[in-house]
K.L.:
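Once you've had a glance at the structure underneath, I'll fire off some questions.
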Amino acid sequence: MNGKGIKTRQENELLENNKLIAEFMRVVFHDDENQYYNAGGLHIGNTLQYHTSWDWLMPVIERCLVGEAEQSEEISITTIKNIYEGICNQEISFAYKSVVEFIKWYNEQNRFICGVCGDHVNEYTYNEDKDVDECNKCK
Ligand SMILES: [Zn+2]
């Protein structure tokens with residue numbers, strides 16, 4: 001064994017975190033092609049680069065900050081402040097770490113996944129006609 005294909009704990013964590021972000025961004029992985037596509041169906045490559053590229057990370061940050069006013073004060077003064085700090089200091093690893101923290105928190109608050117739009121939501125209702133769980137927006 002030469003260790004090829006075996007990932008270190010750190011690499012695994014990075015991969016897990018990138019997958020978490022990808023899910024948050026509705027990025028889809030096509031198994032057959034081994035490629036990622038964004039929510040708009042655009043091909044974005046075969047690796048996730050949120051940890052190395054501001055071009056990748058900035059849209060995620062924008063999405064985190066949408067509806068910031070609705071977020072709890074606690075997350076605003078900690079994680080969101082850290083995201084801003086990462087941007088200001090051009091420290092992508094710090095911003096990245098804070099984004100991951102935010103998404104973990106966000107997913108915890110919004111434990112349900114809408115069967116129509118795929119959004120993480122804090123409540124949904126079952127639609128008998130369509131046999132699907134819908135969020136309030138999709139109702
Ligand atoms: Zn929905």
Side-chain angles (χ1 to χ4, degrees):
M1 293 296 283
N2 58 9
K4 234 187 192 172
I6 296 173
K7 291 191 169 62
T8 64
R9 203 175 68 90
Q10 223 173 1
E11 284 171 330
N12 269 328
E13 204 182 289
L14 200 66
L15 201 69
E16 284 308 307
N17 288 339
N18 273 342
K19 276 189 195 159
L20 187 83
I21 298 178
E23 194 204 56
F24 182 69
M25 295 304 284
R26 310 268 175 63
V27 163
V28 183
F29 184 68
H30 290 206
D31 280 317
D32 49 337
E33 306 168 38
N34 227 20
Q35 301 289 338
Y36 289 99
Y37 288 82
N38 74 10
L42 221 68
H43 173 239
I44 54 170
N46 62 355
T47 51
L48 297 168
Q49 294 164 43
Y50 298 113
H51 58 303
T52 52
S53 161
W54 284 109
D55 287 344
W56 279 63
L57 194 61
M58 282 314 287
V60 184
I61 291 174
E62 271 167 35
R63 197 172 157 85
C64 289
L65 300 184
V66 167
E68 183 190 344
E70 300 159 26
Q71 315 293 358
S72 81
E73 205 171 310
E74 192 195 327
I75 201 81
S76 295
I77 57 172
T78 54
T79 310
I80 290 176
K81 187 178 144 278
N82 286 344
I83 293 175
Y84 280 124
E85 212 172 291
I87 300 171
C88 288
N89 299 330
Q90 290 286 301
E91 281 182 56
I92 195 163
S93 60
F94 189 69
Y96 174 81
K97 205 183 112 226
S98 307
V99 163
V100 169
E101 244 170 61
F102 178 89
I103 295 174
K104 281 181 180 165
W105 172 84
Y106 179 87
N107 287 349
E108 227 169 79
Q109 308 299 307
N110 302 280
R111 288 171 291 130
F112 307 110
I113 295 175
C114 171
V116 180
C117 65
D119 261 343
H120 282 260
V121 292
N122 58 16
E123 61 173 358
Y124 59 29
T125 42
Y126 180 65
N127 181 326
E128 247 176 61
D129 298 335
K130 291 193 250 169
D131 186 28
V132 72
D133 296 312
E134 292 176 324
C135 73
N136 294 334
K137 272 187 294 176
C138 292
K139 245 196 261 187

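The figures that follow rest on heavy atoms only: side chains count, while hydrogens, waters and symmetry mates do not.
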K.L.:
Scan residues 93-102 for pairs that pass side-chain hydrogen bond (donor to acceptor under 3.5 Å, both in side chains), counting only residues two or more places apart or in two chains.
P.N.:
Asn18-Tyr96
K.L.:
Would you call Glu85-Lys81 a salt bridge at under 4.0 Å N-O?
P.N.:
yes
K.L.:
Ala39 and Met25: which non-hydrogen atoms are nearest, and at how many Å?
P.N.:
CB-O, 3.8 Å
K.L.:
Taking Asn107's backbone N and O only, do any of them form a donor-acceptor pair with His120's side chain (distance below 3.5 Å, no angle check)?
P.N.:
no
K.L.:
Flag yes if Phe94 and Ile80 sit in one hydrophobic cluster, no otherwise; membership is Ile, Leu, Val, Met, Phe, Trp, Tyr, and two members link when side-chain heavy atoms are under 4.5 Å apart.
P.N.:
no
K.L.:
Hey, quick one: are Trp105 and Leu57 part of the same hydrophobic cluster, counting side-chain heavy atoms closer than 4.5 Å, chains of contacts allowed?
P.N.:
yes
K.L.:
Before you tell me yes or no, could you show the steps for Val99 and Ile21 under side-chain contact (heavy atoms from CB on, under 4.5 Å), namely the whole-Å CA-CA distance, both residues' side-chain angles and the distance that decides it to 0.1 Å?
P.N.:
CA-CA 8 Å; Val99 163; Ile21 298 178; 4.2 Å; yes
K.L.:
Side chains of Val132 and Tyr126: closer than 4.5 Å at any heavy-atom pair?
P.N.:
no
K.L.:
In the structure I gave you, are the side-chain heavy atoms of His51 and Asn17 within less than 4.5 Å of one another anywhere?
P.N.:
no
K.L.:
Give, for atom CD of Gln35 and atom NE2 of His43, the distance between the pair rounded to the nearest 0.5 Å.
P.N.:
3.5 Å
K.L.:
Can Tyr36 be reached from Val100 by stepping across I, L, V, M, F, W or Y side chains whose heavy atoms are under 4.5 Å apart?
P.N.:
yes
K.L.:
Could you check if a side-chain atom of Thr52 sits within less than 4.5 angstrom of a side-chain atom of Ile92, using non-hydrogen atoms only?
P.N.:
no
K.L.:
Hey, what do you get for CZ (Arg9) to CD (Glu16), rounding to the nearest 0.5 Å?
P.N.:
12.5 Å
K.L.:
Quick one: do Leu15 and Leu20 end up in the same hydrophobic cluster if we chain Ile, Leu, Val, Met, Phe, Trp and Tyr together by side-chain heavy atoms under 4.5 Å apart?
P.N.:
no
K.L.:
Would you mind reporting whether Ile87 and Trp54 have side-chain heavy atoms less than 4.5 Å apart?
P.N.:
yes
K.L.:
Would Trp56 and Ile44 count as a side-chain contact (heavy atoms from CB on, under 4.5 Å) if you check the C-alpha gap in whole Å, the side-chain angles of each, and the deciding distance to 0.1 Å?
P.N.:
CA-CA 10 Å; Trp56 279 63; Ile44 54 170; 3.8 Å; yes
K.L.:
Name all residues meeting the side chain to side chain donor-acceptor pair (under 3.5 Å) criterion together with Asn38; count only those two or more places apart in sequence or in a different chain, and write none if there are none.
P.N.:
none
K.L.:
Do Ile103 and Tyr84 land in one hydrophobic cluster if side-chain heavy atoms of ILVMFWY residues count as linked below 4.5 Å?
P.N.:
yes
K.L.:
Is the number of heavy atoms from other residues, nucleotides or ligands under 6.0 Å of Gln90 CD greater than 12?
P.N.:
yes
K.L.:
Side chains of Lys19 and Phe29: closer than 4.5 Å at any heavy-atom pair?
P.N.:
no
K.L.:
Tell me the closest heavy-atom pair linking Glu108 and Arg111, and the distance in Å.
P.N.:
O-CG, 3.2 Å
K.L.:
Give the ring-plane orientation class for Phe24 versus Tyr106, where under 30° counts as parallel, over 60° as perpendicular and anything between as tilted.
P.N.:
perpendicular
K.L.:
Rounded to the nearest 0.5 Å, what separation is found between the CG atom of Asp119 and the CD1 atom of Ile113?
P.N.:
9.5 Å
K.L.:
So which heavy atom on Cys135 is nearest to which on Val121, and how close?
P.N.:
CB-CG1, 3.5 Å
K.L.:
Consider only side-chain N and O atoms of Asn122 and Gln109, and report whether a donor and an acceptor are under 3.5 Å apart.
P.N.:
no
K.L.:
Provide the full list of salt bridge (charged side-chain N to carboxylate O under 4.0 Å, His left out) pairs with a residue in residues 31-49, sequence neighbours left out, each pair given once.
P.N.:
none
K.L.:
Is there side-chain contact between Tyr50 and Val60, with at least one heavy-atom pair below 4.5 Å?
P.N.:
yes
K.L.:
For residues Gly86 and Ala95, report the shortest heavy-atom separation together with the two atoms involved.
P.N.:
CA-CB, 4.0 Å
K.L.:
If you define the side chain from C-beta out and look only at heavy atoms, does anything of Asn136 sit under 4.5 Å from Tyr124?
P.N.:
no
